[in-house]
Structures are given as C-alpha cells and as structure tokens.
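Just so you know, residue 1 is the first one in the sequence shown, and it goes up from there. Side chains included, hydrogens not; waters and symmetry mates left out as well; all remaining heavy atoms used.
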Amino acid sequence: AEDVVDYIPPSARHLDLCLHALQRASTRGAGGLVGPLSKAAESLRRRGIAVLISDLYEKSEEVLRAVRGLRASGQDVIVFHVLDPAELDFPFQGAANFRDMETGSVVPILPEKIREGYHAVFRGHLERLQDGFAASRVDYQLLDISRPLDLALFRYLVHRLQQQKRGRLR
C-alpha cells in the first residue's frame with residue numbers, strides 16, 4: 001500500500017502477532033515503499049531488526065533510498081525479495097495479455113519478442129539492488145515463492161550465523 005497498513009510494536013513476544021498480520025495481508029492496489037518505510041524509520045526509537053518482504057517492483061533508486069532511511073535510523077535491515085519463478089525465468093510462449101495485478105491494466109505482448117529485453121532489464125534491476133544493499137550493509141535474500149519458505153529462512157539464518165561467527169555482522 002502507499003501507507004502503513006498494520007503496525008505491531010517491537011517485542012520478542014509478538015511473533016504470533018507478526019505471523020497473523022502476514023497471513024491476513026492482502027493486495028490493495030498500487031503500493032510504494034518510500035512512504036511506509038519513512039514512517040517506520042521515524043517511529044522506531046531504538047535499534048532493532050527491520051525485515052522488508054517485497055517484490056521490490058519500484059525503481060531501484062526509490063527502493064534503496066527507502067531502505068537507507070531505515071539503516072540511518074539505526075536498524076539492522078534484512079530484505080527478502082520474493083518473486084514467482086515466472087518472473088525470474090519468463091517462460092511464456094505465444095501471444096498473451098498480461099494484467100498488472102496492482103492497476104488492472106492489460107498489456108498485449110509477444111514473449112518471444114521481448115524475452116531478451118526483459119531479462120536484461122530484470123538483471124539490471126537485481127544488480128542495482130544487490131549492489132546498493134551491499135553498499136548500505138543491508139542483508140538481501142532473493143526468494144523464489146515456489147520453494148518452501150522455511151528452507152529459505154533456514155539458509156538465511158545459517159548464513160547470518162556464519163557471518164556473526166566470523167565477526168562480519170554489524
């Protein structure tokens with residue numbers, strides 16, 4: 001959404017509330033990260049861990065600016081970039097109409113004609129995000145939604161623990 005939809009105050013005892021909020025989350029039209037993350041950065045009074053779960057379908061500069069605001073407020077930021085396998089591979093064949101799930105607009109395409117360009121733009125977006133997050137010391141994890149979430153989270157936590165043991169964690 002363009003604004004904060006749900007707020008759960010920081011607490012080690014609020015995991016159930018967080019999971020419940022994620023379960024009842026739904027799409028509400030076009031959204032943006034800058035506004036809600038700016039509000040979050042302003043409202044967080046003490047250091048903690050901020051987790052962003054998003055498809056990051058905004059201009060990479062806007063995403064990075066929003067996340068840098070959280071880092072500047074003293075948060076340890078983790079970004080989980082969730083994507084469908086079709087967004088990663090673009091396996092489509094034959095003429096098709098694509099519907100924007102946020103705006104409802106329909107775009108007719110010929111996948112064979114745009115596949116190479118799609119991959120180039122998509123890779124560029126991912127590289128800008130990865131480089132920007134690394135420069136801002138933000139943990140970034142690309143997640144394929146067709147794979148079990150618990151496995152992805154386990155792998156991330158193992159990686160984070162290894163970083164911590166090596167003294168590379170902030």
Checklist entry - Same hydrophobic cluster for Leu110 and Phe122, using side-chain heavy-atom links shorter than 4.5 Å among ILVMFWY? => result no
Closest non-hydrogen contact found for Ala41 with Ser73 is O-CB, 3.7 Å
Regarding Asp89 and Arg115, does a basic nitrogen lie under 4.0 Å from an acidic carboxylate oxygen? no
*Close side-chain approach of Leu33 to Leu52, heavy-atom, < 4.5 Å*: yes
Task: Atom CZ of Phe154 with >12 non-hydrogen neighbours under 6.0 angstrom - done: no
Q. Mind checking whether Asp84 and Glu87 have side chains closer than 4.5 Å, heavy atoms only?
A. yes
*asked:* Has Glu42 got a side-chain atom pairing as donor or acceptor with Lys39's backbone, closer than 3.5 angstrom?
replied: no
d(His159 NE2, Gln162 CD) to nearest 0.5 Å is 7.5 Å
Salt bridge (Lys or Arg N to Asp or Glu O under 4.0 Å) pairs touching residues 52-68, sequence neighbours excluded, are Glu62-Arg65
For Arg99 and Val106, the nearest pair of non-hydrogen atoms, with its separation, is NH1-CG2, 3.5 Å
Under a side-chain separation threshold of 4.5 Å, the hydrophobic residues clustered together with Val121 are none
Check whether any side-chain heavy atom of Leu142 lies under 4.5 Å from a side-chain heavy atom of Leu88, and answer yes or no. yes
Rounded to the nearest 0.5 angstrom, the OG-CG distance for Ser54 and Leu37 is 8.5 Å
_I'd like to know if Leu157 and Leu143 are part of one continuous hydrophobic network [Ile/Leu/Val/Met/Phe/Trp/Tyr, side-chain heavy atoms within less than 4.5 Å]._
yes
Smallest heavy-atom separation, Ala86 atom then Phe92 atom, equals CB-CZ, 3.6 Å
CD (Gln75) and CD1 (Ile49) are apart, to the nearest 0.5 Å, by 9.0 Å
### Task
Find out whether Ile78 and Gln141 are in side-chain contact, i.e. whether some heavy atom of one side chain is under 4.5 Å from a heavy atom of the other.
no
Are any of the side-chain heavy atoms of Pro85 and Ile145 separated by less than 4.5 Å? yes
task: Answer yes when Asp139 and Arg160 have at least one side-chain N-carboxylate O distance shorter than 4.0 Å, and no when they do not.
output: yes
Would a hydrophobic clustering, with Ile, Leu, Val, Met, Phe, Trp and Tyr connected at side-chain separations under 4.5 Å, put Phe90 with Val107? yes
query = Given side chains that start at C-beta, do those of Ile53 and Val82 come closer than 4.5 Å, heavy atoms only?
reply = yes
Give a yes or no on whether the backbone of Tyr140 and the side-chain of Tyr156 come within a donor-acceptor separation of less than 3.5 Å. no
Without placing hydrogens or testing angles, list every side-chain donor-acceptor pair under 3.5 Å for residues 125-134, not counting sequence neighbours.
residue : atom : partner : partner atom : Å
His125  : NE2  : Leu56   : O            : 3.0
Arg128  : NE   : Ser60   : OG           : 3.0
Arg128  : NH1  : Gly124  : O            : 3.3

Worked verdict on Leu17 versus His20 for side-chain contact (heavy atoms from CB on, under 4.5 Å): CA-CA 5 Å; Leu17 292 173; His20 183 67; 5.7 Å; no
